[in-house]
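If you scroll down you'll find the structure; I have some questions about it.
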Amino acid sequence: MAKKLKIALAQLNLTVGDVPGNLQKHIQSALSARDALSADIIVFPELGLTGYPAEDLFLRPDFIQAEQVALQTLITEVKGIHCVVSHTHSSNQGLYNACSIIHNGLVVGRYAKQHLPNYGVFDEDRYFVPGNAPCVVPVNGVLVGLVVCEDLWVQGPAQQAALQGARVILSPNASPFEIDKHEQRVQVLSKRARHNQIPIVYVNNVGGQDELIFDGGSMVVNSEGEIAQFAGFFNETLFPVEIDIHTASSKIAADTPTLPSDDEKIYQALVLAVRDYVQKNKFERVHIGLSGGIDSALTLAIAVDALGKDLVHPVYMPSRYSADISEEDAILVAQNLGVKLETISIEPTYKSFLASLAPYFADKKPDVTEENIQARCRAIILMGLSNKFRSLVLTTGNRSEMAVGYCTLYGDMAGGFAVLKDVPKTLVYRLAHYRNRIAPVIPERTLTRAPSAELAVNQKDEDSLPPYPMLDRILEEYLDQSLGVEEIIAHGFERTTVLKVVALVRFSEYKRRQSPIGPRIKNKSFGRDWRYPVTNGFAG
């Protein structure tokens with residue numbers, strides 16, 4: 001006779017450090033799953049009570065104690081449903097990244113994560129010790145196994161659970177978004193499910209946490225390795241699934257998901273990152289320097305989509321080098337997005353700085369120094385507005401510029417959150433076209449005119465850099481694929497161009513170390529993934 005398990009996937013947006021708030025979300029979700037969905041089990045994301053990644057908060061005894069109090073509250077207050085809750089667990093061996101099944105005031109099973117990721121953005125070895133045993137417990141007569149996140153990416157833990165008789169694997173996760181990450185997850189889950197002939201319930205969290213974005217994408221993969229149910233991306237949801245367990249097989253109602261395009265996922269990820277960074281850090285509004293160019297136009301669109309037009313305040317700051325069409329395009333994109341554009345000329349400030357420095361610059365020709373002073377004039381204006389109105393300045397520079405240092409330290413780099421920090425220039429254009437397909441908010445001329453910093457007469461980006469399509473291909477190979485100079489040249493690029501780009505990347509490390517954080521969308525972003533020395537004598 002078949003047995004049914006009704007499982008609720010709690011794809012939640014949690015906040016690192018907000019243990020009381022996270023606890024309330026757990027309690028409310030468990031009660032809703034029990035009462036509204038008649039669920040037997042609810043599965044929460046990895047380390048949901050603390051939020052993930054809590055980083056060095058895990059080293060604070062008072063933080064761990066607060067989480068343990070919250071866990072005990074959850075155990076005491078929620079009855080009538082099995083809860084798979086992820087938390088830390090202290091022992092004589094150290095601190096575990098653990099997961100427990102609780103039911104009617106009791107912990108009926110506990111699992112300690114066995115494989116601790118220590119690469120890229122992960123450094124769990126710093127905080128936790130690994131477990132070494134499976135956990136399989138009966139729920140309504142069905143044996144379920146617990147496996148936490150990274151443990152699915154290797155064969156051992158899932159196989160251990162299957163050998164112990166588990167008929168379903170329940171897996172809490174905290175897996176950050178990056179391009180193609182969903183496809184990687186599906187490949188891994190499919191392989192584990194097929195190999196062990198067991199369905200896997202995969203629950204991921206959702207939301208922005210500093211530079212990390214959690215995209216959700218919770219799902220159930222059947223024992224044939226196919227996606228049977230999918231909870232969607234970038235949405236907080238309590239997603240119900242029913243699994244029929246037969247003597248030698250299991251059955252899950254199939255619902256083939258329609259997945260968004262890569263550009264849509266990336267755009268949604270950036271919107272979520274901005275919204276959560278602003279709201280979770282309790283900023284009242286944001287300011288953006290609007291230039292009339294593509295980067296600031298896209299940043300403005302993302303900010304309005306994230307926060308609404310009333311909380312977004314663009315500022316156009318012209319100089320003697322600003323083109324009339326830049327002002328026209330800045331006005332138009334602001335109008336299209338329904339935000340009020342303020343105009344503050346930097347000319348008086350710029351003249352004042354030049355006058356102050358004139359005695360020292362008397363025998364020097366104008367150069368990049370004067371260009372950078374203009375950028376820093378704009379930074380002073382934006383940061384002044386930020387201080388006065390408790391707002392966050394969103395910077396607008398893209399990954400290509402950040403890579404080669406085509407940005408001004410304490411100038412256009414000044415701000416609190418760099419929305420496009422991990423978005424190459426060529427992807428900026430793609431995302432702008434994607435946003436315009438929803439509604440044409442970015443002027444066509446902004447999409448077609450040559451990019452310019454407008455810090456000198458008739459200035460164009462390509463006066464200083466290779467064309468962006470070429471630059472981004474070289475950066476992709478050097479930064480993301482870690483290819484050497486000779487390997488990149490062998491792919492058809494000119495030696496002088498490759499050497500120039502690589503030299504700029506190396507020289508600009510000191511700038512990147514002082515840049516604001518920004519949303520991570522690639523597996524080699526400037527931030528937690530990128531730990532190159534500033535003082536660096538390696539020429540490759």
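For the numbers below, each heavy atom of this structure counts, side chains included, while hydrogens, waters and symmetry mates do not. On a predicted model such as this, the values are computed, not experimentally measured, just so you know.
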May I ask you to decide if Leu47's main-chain N or O and Thr50's side chain share a donor-acceptor pair within less than 3.5 Å?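 Checked: pair present.
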Atom CG of Asp123 and atom CG of Asn118: how far apart are they, to the nearest 0.5 Å?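 Taking CG in Asp123 and CG in Asn118, the distance rounds to 6.5 Å.
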How long is the gap from CD1 on Ile27 to CG on Leu74, to the nearest 0.5 Å?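 Taking CD1 in Ile27 and CG in Leu74, the distance rounds to 6.0 Å.
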Let me know which of Asn205, Asn13, Asn173 forms a side-chain contact (heavy atoms from CB on, under 4.5 Å) with Pro45.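 For Pro45, the side-chain contact (heavy atoms from CB on, under 4.5 Å) check succeeds only for Asn205.
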Do the rings of Phe233 and His182 sit parallel, tilted or perpendicular, given the 30° and 60° boundaries?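 Because their plane-to-plane angle is over 60°, the rings of Phe233 and His182 count as perpendicular.
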Which atoms form the tightest heavy-atom contact between Cys149 and Ser171, and what is the distance?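 Nearest heavy atoms, Cys149 then Ser171: N-OG, 3.6 Å.
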State, to 0.1 Å, how close Ile101 and His82 come at their nearest heavy-atom pair, and which atoms those are.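 Here Ile101 and His82 meet closest at CG2-CD2, 4.0 Å.
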Is the shortest distance from a Lys or Arg side-chain nitrogen in Asp310 or Arg285 to a carboxylate oxygen in the other one below 4.0 Å?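 No salt bridge links Asp310 with Arg285.
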Evaluate the salt bridge (Lys or Arg N to Asp or Glu O under 4.0 Å) criterion for residues Arg185 and Asp215: first the C-alpha distance (whole Å), next the side-chain angles of each, then the deciding distance (0.1 Å), finally the verdict. CA-CA 12 Å; Arg185 295 173 190 147; Asp215 54 328; 2.8 Å; yes
In Å and rounded to the nearest 0.5 Å, what is the CZ to CG distance from Phe239 to Leu9?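 It comes to 7.0 Å.
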Between Glu183 and Lys265, is the closest basic N to carboxylate O distance under 4.0 Å?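 Answer for the salt bridge query: yes.
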Taking it one step at a time, do Leu270 and Leu272 satisfy side-chain contact (heavy atoms from CB on, under 4.5 Å)? CA-CA 5 Å; Leu270 296 175; Leu272 178 60; over 6 Å; no
Name all residues meeting the side-chain hydrogen bond (donor to acceptor under 3.5 Å, both in side chains) criterion together with Glu46; count only those two or more places apart in sequence or in a different chain, and write none if there are none.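 Testing Glu46 for side-chain hydrogen bond (donor to acceptor under 3.5 Å, both in side chains), a comparison that skips the adjacent residues, returns Asn97, Lys113.
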Go through the steps for Thr395 and Val419 under the test side-chain contact (heavy atoms from CB on, under 4.5 Å), then give the verdict. CA-CA 7 Å; Thr395 66; Val419 180; over 6 Å; no
Val206 side chain reached by Gln11 side chain, heavy atoms, under 4.5 Å: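 Touching, per the 4.5 Å side-chain cut-off.
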Separation of Cys407 SG from Met402 CE (nearest 0.5 Å):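 One gets 5.0 Å once the value is rounded to the nearest 0.5 Å.
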Do Tyr429 and Tyr468 make the cut of ring centroids closer than 6.0 angstrom?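 Not close enough - the centres of the two rings lie 6.0 Å or further apart.
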Using a 3.5 Å distance criterion without hydrogens, assess whether the side chain of Gln514 forms a donor-acceptor pair with backbone atoms of Met413.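 Here the side-chain-to-backbone pair does not exist.
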Within the 4.5 Å heavy-atom criterion, are Arg520 and Lys421 side-chain neighbours or not?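 In short, these two side chains do not touch, never coming nearer than 4.5 Å.
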So Val137 and Val144, do their side chains get closer than 4.5 Å, heavy atoms only?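 Touching, per the 4.5 Å side-chain cut-off.
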Show your reasoning for whether side chain to side chain donor-acceptor pair (under 3.5 Å) applies to His195 and Gln155. CA-CA 9 Å; His195 185 273; Gln155 173 56 28; 2.9 Å; yes
Under 4.5 Å between any side-chain heavy atoms of Asp40 and Ile81, yes or no?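 SC-SC contact between Asp40 and Ile81 ruled out.
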Please tell me if the side chains of Arg34 and Val78 come closer than 4.5 Å, counting only heavy atoms from C-beta onward.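 A side-chain contact under 4.5 Å is absent here.
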Taking Ser515 for the side chain and Arg512 for the main chain, is one N or O donor matched with an acceptor at less than 3.5 Å?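 Looks like yes, one N/O pair under 3.5 Å.
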Decide whether a cation-pi geometry holds between Arg399 and Phe526; the criteria are a distance under 6.0 Å from NZ or CZ to the six-membered ring centre and an angle within 45° of the ring axis.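 Checked: cation-pi criterion met.
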Mind checking whether Val333 and Thr446 have side chains closer than 4.5 Å, heavy atoms only?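 Contact flag for Val333/Thr446 side chains = no.
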Could you give me the CA-CA distance, side-chain angles and deciding distance for Asp472 and Ser400, then say whether side chain to side chain donor-acceptor pair (under 3.5 Å) is met? CA-CA 7 Å; Asp472 283 350; Ser400 309; 2.5 Å; yes
Is it the case that the side chain of Thr396 and the backbone of Ser296 share a donor-acceptor pair, with hydrogens and angles ignored and the cut-off at 3.5 Å?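 The answer is no, because no donor-acceptor pair under 3.5 Å joins these two groups.
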Applying side-chain contact (heavy atoms from CB on, under 4.5 Å) to Ile7 and Ile42, what does each step give before you reach the verdict? CA-CA 6 Å; Ile7 306 172; Ile42 182 170; over 6 Å; no
Flag the pair Asp529 and Lys524 as a salt bridge only when some basic side-chain nitrogen lies within less than 4.0 angstrom of an acidic carboxylate oxygen.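 Looking at Lys524 together with Asp529, the answer is no, because their closest N to O distance does not fall below 4.0 Å.
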Hey, can you tell me if Phe283 and Tyr277 have their rings parallel, tilted or perpendicular (30° and 60° cut-offs)?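 Parallel: the ring planes of Phe283 and Tyr277 meet at under 30°.
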Under 3.5 Å: donor-acceptor pair, side chain of Asp262, backbone of Asp180: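 Not a single qualifying donor-acceptor pair exists.
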Nearest-0.5 Å distance that lies between atom CE in Met219 and atom CD1 in Ile200: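 Here the interatomic distance stands at 10.0 Å.
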Main-chain N/O of Gly397 paired to Asp295 side chain as donor or acceptor, under 3.5 Å: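 Absent.
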Show, in sequence, the C-alpha distance, side-chain angles and deciding distance for Gln114 and Gln160, and conclude whether the side chain to side chain donor-acceptor pair (under 3.5 Å) test is met. CA-CA 11 Å; Gln114 299 186 52; Gln160 289 174 350; 2.8 Å; yes
Which heavy atom of Pro53 sits nearest to which heavy atom of Phe214, and what is that distance?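 Of all heavy-atom pairs spanning Pro53 and Phe214, the closest is CD-CZ, 4.2 Å.
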Among side-chain atoms of Thr88 and Glu67, is any donor-acceptor pair under 3.5 angstrom?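 The criterion, which ignores hydrogens and geometry beyond distance, is satisfied for Glu67 and Thr88.
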Donor-acceptor under 3.5 Å (Arg167 side chain, His246 main chain):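 Judged by distance alone, yes, a pair lies under 3.5 Å.
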Heavy-atom pair with the smallest gap, counting every atom of Leu447 and Ala432: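 Nearest heavy atoms, Leu447 then Ala432: CD2-CB, 3.6 Å.
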Determine yes or no for a side-chain-to-main-chain donor-acceptor pair under 3.5 angstrom, with Thr73 supplying the side chain and Val69 the backbone.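 Checked: pair present.
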Under 3.5 Å donor-acceptor, Asp276 side chain and Gly208 backbone: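 Yes, Asp276 side chain to Gly208 backbone: donor-acceptor pair under 3.5 Å.
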Flag, side chain of Thr15 to backbone of Asp18, donor-acceptor distance under 3.5 Å: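 Between the backbone of Asp18 and the side chain of Thr15 there is no qualifying donor-acceptor contact (under 3.5 Å).
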Any carboxylate oxygen within less than 4.0 angstrom of a Lys/Arg side-chain nitrogen, looking at Asp56 and Arg126?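 Salt bridge: yes.
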Decide, yes or no, whether a salt bridge links Glu178 with Lys522 under the criterion of side-chain N to carboxylate O below 4.0 Å.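 A salt bridge is absent here (no side-chain N lies under 4.0 Å from a carboxylate O).
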One pair to check against side chain to side chain donor-acceptor pair (under 3.5 Å): His287 and Ser386. What are the steps and the verdict? CA-CA 7 Å; His287 277 90; Ser386 170; over 6 Å; no
Quick one: do Gln72 and Glu77 satisfy side-chain contact (heavy atoms from CB on, under 4.5 Å)? Show the steps, please. CA-CA 9 Å; Gln72 190 58 49; Glu77 292 195 10; over 6 Å; no
Parallel, tilted or perpendicular: which one describes the rings of Phe122 and Tyr119, with boundaries at 30° and 60°?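 Perpendicular, since the angle between the ring planes exceeds 60°.
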If you look at every heavy atom in Ala297 and Leu290, which pair is closest and at what distance?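 Heavy atoms only, the tightest pair is N-CD1, 4.1 Å.
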Between Asp480 and Asn523, is any side-chain donor less than 3.5 angstrom from a side-chain acceptor?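 Short answer, no.
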Looking only at side chains, do Ser190 and Arg194 share a donor and an acceptor under 3.5 Å apart?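 Short answer, yes.
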Any side-chain heavy atom of Phe44 sitting closer than 4.5 Å to one from Val84?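 The answer is no, as the side chains (C-beta and beyond) never meet within the 4.5 Å cut-off.
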So do Ile169 and Arg192 actually touch side chain to side chain, heavy atoms under 4.5 Å?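 No. Closest side-chain heavy atoms not under 4.5 Å.
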Looking only at heavy atoms, which two atoms of Lys181 and Ser175 are closest? And how far apart?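 That would be NZ-OG, 3.5 Å.
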When rounded to the nearest 0.5 angstrom, what is the spacing between CD1 in Ile521 and CD1 in Ile179?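 The distance works out to 4.0 Å.
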